[in-house]
Amino acid sequence: MTNRITGISGPTVSASPKGLKMYDRVSLGDAQLMGEVVRLEKQRAVIQVYEDTRGLGVGEPVRSVGKPLTARLGPGLLNRMFDGLQRPLDGLYQEYGAFIQAGKQAAQPWLARTFSFIPLKRPGDETRRGESLGYVEEGPFKHYIPNMEADGRIVRIVEGEMGLDDPVAALSDGTQLYLQHDWPVRLPRPSRGKRARVEPLITGQRCIDFLFPLARGGTAIFPGGFGTGKTILEQSIAKFADVDVVVYVGCGERGNEMAEMLEEFSALDDPRTDRPLMTRTIVVVNTSNMPVAAREASIYTAVTMAEYYRDMGHNVLLLADSLSRWAEALREISSALEEMPGEEGYPTYLASRMAEFFARAGAVETADGKTGSLTMILSVSPPGGDFTEPVTQACLRTTGSLFLLDTNLAYRRHFPAINWFQSFSLYEGDVASYFNRQVSPQWGLHHRRCREILQKEQRLREVAEIVGTEGLQEADRMLMHVAERIRREFLMQNAYTEDAYSSPEQTNEKIGGILEPYFRDTNTPTHGASGTEPGPDYPRTSLGSKNARPEA
Ligand SMILES: Nc1ncnc2c1ncn2[C@@H]1O[C@H](COP(=O)(O)OP(=O)(O)OP(=O)(O)O)[C@@H](O)[C@H]1O
Ligand SMILES: [Mg+2]
């Protein structure tokens, strides 16, 4: 018996429930629109449709695909652009032109390609789930092909040019293994376990790398009001971050911004490898004019592809702009389902959904025994720049670092507008020793001095507002001057100039160039007055270090 549509309300469709399962993907009507079963009752199934339901009618058939929403994982994902349901947008364009109708599927043109498969196993070998069978070359990488089907003994394995749908190996129980497999997007891919996060993820943004460093496998959010530079920051990080693969999700943002970014990225080279930037990038686009249900799915599709590359032992970075648009999609779907609303109409499970999503980040020992990491950097756009709203608050509970974008700084054209008092990074302690070892033994010292100067400046400014700068003591005026230099020359970084990327060495040199003359000239103790206790490598004497001026 085929299921039939019994009611339609916007993107929410009711149908007869017999035989349908929760989260099954379904195809609706003669137009074959894609949808997902989100509620099952005795009398009806509720289906969330990923596409425009215009023209769909009651009584039209509903066919279950028999599995949940999946992403297809295999070679050929890099250097491509997908929509939230992993339909290749370039493929759709080639087949249907600019006017794609709902329900159309691209014949996934990368299927036509072949890859040269090099086996790592031989007939007679045992294989476990998650283990690599062999690899193909994809751009700069060895793209490992995992067995995601079953444990067993290999009876046949091939070598040479293979299409994605050709079996490359067979197990004794008859299981066939291919270059590609499908994975349910809402299910985290398995690993042997999480690892401690000790390696920094270098973003090339001085304010982040120096003041609030990120660790590979960590999570960061940057909430910021309208026009505070979220998109520019996300894109700068996508260009310069020290990772193997970048998955960029344009979630509910402007289409023309995405178009500009794609154009720019296609023309750029990866600063590390001199290959085109796109060869290590996957873009998932779900702009503001695309259906909300697909937007809700888009971050899961993206994180699944990111995990897939992580499982090959790569360092992967997932960027999403913006998570608020995803939360809004969730709210829209939830209210269409008439669920009990929580704070500001967001569903009551908003925080737990987010926590689940954030938990997919991490440095892991992969199922194949390699080490890979998945880092997330997500922008949040709180309406009216109000950071007490539920999405920002829910993120705050789970994120490892926060870069708060400040409207006042943006207004003064201080970009990136990261507020250095209200931002934090929990990874600071873990990665500090790395910078001290790898970049400069002065790194930690500079870090603390810089913080103290910025803090003292804040207090002096309050005083100066009352007594005027002339009323300040000479030493305080010098401190205000060096703080100004830190802000203007060090923390500000124009994304449109050569300065857009700063390596850790350049960062260290720059801050040293500002701080060292100051401490040489002033001989000022930098602690005590501020109340901060010196750390272990912070000299007790006022200067104490090599660059101190000998006492006269
Ligand atoms: N690092 C930067 N260097 C120079 N200019 C910047 C930088 N970051 C932001 N800007 C300026 O700020 C403007 C707004 O930035 P952006 O579009 O990234 O803001 P947004 O927070 O994404 O805004 P919206 O909330 O509208 O999405 C940019 O057009 C640019 O002029
Ligand atoms: Mg933006």
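All ligand and atom numbering here is 1-based and tracks the order in the structure.
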Asks: Numbering the atoms of ligand 1 from 1, which are under 4.0 Å from a heavy atom of Arg413?
Replies: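 Close to Arg413: 11 (C), 31 (O).
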Asks: Looking at Asn494, which atoms of ligand 1 are within less than 4.0 Å of one of its heavy atoms?
Replies: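 In order of number, 3 (N), 4 (C).
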Asks: Could you tell me whether Arg520 and Glu516 have a side-chain N and a carboxylate O separated by less than 4.0 Å?
Replies: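 Salt bridge: no.
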Asks: Less than 4.0 angstrom from a charged side-chain N to a carboxylate O is my criterion; do Arg461 and Asp476 meet it?
Replies: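 Not counted as a salt bridge, because no side-chain N and carboxylate O are separated by less than 4.0 Å.
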Asks: May I ask you to decide if the ring planes of Phe210 and Phe490 are parallel, tilted or perpendicular, using 30° and 60° as cut-offs?
Replies: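 Ring orientation of Phe210 relative to Phe490: perpendicular.
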Asks: What residue and atom, counting heavy atoms only, is the protein's closest point to atom 26 (O) of ligand 1, and at what distance?
Replies: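 Minimum-distance protein heavy atom for atom 26 (O) of ligand 1 reads Arg254 NH2, 2.5 Å.
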Asks: Looking at atom 29 (O) of ligand 1, what's its closest protein heavy atom, distance included?
Replies: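 Its nearest protein heavy-atom neighbour is Tyr496 OH, 4.0 Å.
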Asks: For Glu356, what residues pass the side chain to side chain contact (heavy atoms under 4.5 Å, CB included) criterion, not counting sequence neighbours?
Replies: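 Counting only residues at least two positions away or on another chain, Glu356 forms a side chain to side chain contact (heavy atoms under 4.5 Å, CB included) with Arg353.
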Asks: Taking the minimum heavy-atom distance to atom 22 (O) of ligand 1, which of Asp321, Leu405, Thr231 ranks first?
Replies: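 Minimum heavy-atom distance to atom 22 (O) of ligand 1 goes to Thr231.
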Asks: Which of the numbered atoms in ligand 1 are below 4.0 angstrom from a heavy atom of Phe226?
Replies: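 Per the distance check, 25 (O), 26 (O).
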Asks: Decide whether an N or O pair under 3.5 Å exists between Ala495 and ligand 1.
Replies: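 Yes: some nitrogen or oxygen of Ala495 is under 3.5 Å from one in ligand 1.
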Asks: For Arg186, what residues pass the salt bridge (charged side-chain N to carboxylate O under 4.0 Å, His left out) criterion, not counting sequence neighbours?
Replies: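 Listed in chain order: Glu36, Glu296.
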Asks: For atom 20 (P) of ligand 1, what is the nearest protein heavy atom, given as residue, atom name and distance?
Replies: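 It is Lys230 N, 3.5 Å.
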Asks: Give the numbers and elements of all ligand 1 atoms closer than 4.0 Å to a heavy atom of Gly227.
Replies: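 Checking each atom against Gly227, I get 14 (C), 19 (O), 20 (P), 21 (O), 23 (O), 24 (P), 25 (O), 26 (O).
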Asks: Please identify each residue that fulfils ring-ring contact (aromatic ring centres under 6.0 Å, His included) with Trp183, with sequence neighbours left out.
Replies: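 If we apply the ring-ring contact (aromatic ring centres under 6.0 Å, His included) test to Trp183, skipping adjacent residues, there are no hits.
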Asks: Got an N/O contact under 3.5 Å between Ile232 and ligand 1?
Replies: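 Yes, Ile232 has an N/O under 3.5 Å of an N/O on ligand 1.
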Asks: Check this for me, if you would: do Arg80 and Glu138 make a salt bridge, where the nitrogen-to-carboxylate-oxygen distance has to be below 4.0 angstrom?
Replies: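 Glu138 and Arg80: not salt-bridged.
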Asks: Quick one: does Gly229 get an N or O within less than 3.5 Å of an N or O on ligand 1?
Replies: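 For ligand 1, there is an N or O atom that lies under 3.5 Å from one belonging to Gly229.
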Asks: For the pair Glu51 and Arg87, evaluate salt bridge (Lys or Arg N to Asp or Glu O under 4.0 Å) and give the outcome as yes or no after the intermediate values.
Replies: CA-CA 13 Å; Glu51 297 170 281; Arg87 291 178 296 192; 3.1 Å; yes
Asks: Of all the non-hydrogen atoms in the protein, which one sits nearest to atom 1 (N) of ligand 1, and at what distance?
Replies: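 The closest heavy atom on the protein side is Gln493 O, 3.3 Å.
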Asks: Assess, by modelled atom type and distance only, whether the side chains of Thr371 and Arg195 contain a donor and an acceptor separated by less than 3.5 Å.
Replies: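 Yes, because at least one side-chain N or O of Thr371 sits under 3.5 Å from a partner of the opposite role on Arg195.
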Asks: May I ask you to decide if the ring planes of His143 and Tyr309 are parallel, tilted or perpendicular, using 30° and 60° as cut-offs?
Replies: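 Rings of His143 and Tyr309: perpendicular, over 60°.
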Asks: With 2.8 Å as the limit, count the protein N, O or S atoms near the Mg ion (ligand 2).
Replies: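 For the Mg ion (ligand 2), protein nitrogen, oxygen or sulfur atoms under 2.8 Å: 1.
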Asks: In terms of residue, atom name and distance, what is the protein heavy atom nearest to atom 17 (O) of ligand 1?
Replies: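 Ranked first by proximity to atom 17 (O) of ligand 1 is Glu257 OE2, 3.9 Å.
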Asks: From the options Arg280, Arg275, Lys239, select the one residue that forms a salt bridge (Lys or Arg N to Asp or Glu O under 4.0 Å) with Asp270.
Replies: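 In the set Arg280, Arg275, Lys239, the residue that makes a salt bridge (Lys or Arg N to Asp or Glu O under 4.0 Å) with Asp270 is Arg280.
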Asks: Does the protein place any heavy atom closer than 4.0 Å to atom 7 (C) of ligand 1?
Replies: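 Neighbour list for atom 7 (C) of ligand 1 includes protein heavy atoms (cut-off 4.0 Å).
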Asks: Give yes or no for whether the N/O distance cutoff of 3.5 Å, strictly under, is met between Phe415 and ligand 1.
Replies: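 Such a contact does not occur with ligand 1.
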Asks: Below 30° counts as parallel, above 60° as perpendicular, anything between as tilted: where do the rings of Tyr300 and Phe357 land?
Replies: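 Geometry flag for Phe357 against Tyr300: perpendicular rings.
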Asks: For the residue pair Tyr501 and Phe240, categorise the inter-ring angle as parallel (less than 30°), tilted (30 to 60°) or perpendicular (more than 60°).
Replies: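 Correct class here is tilted.
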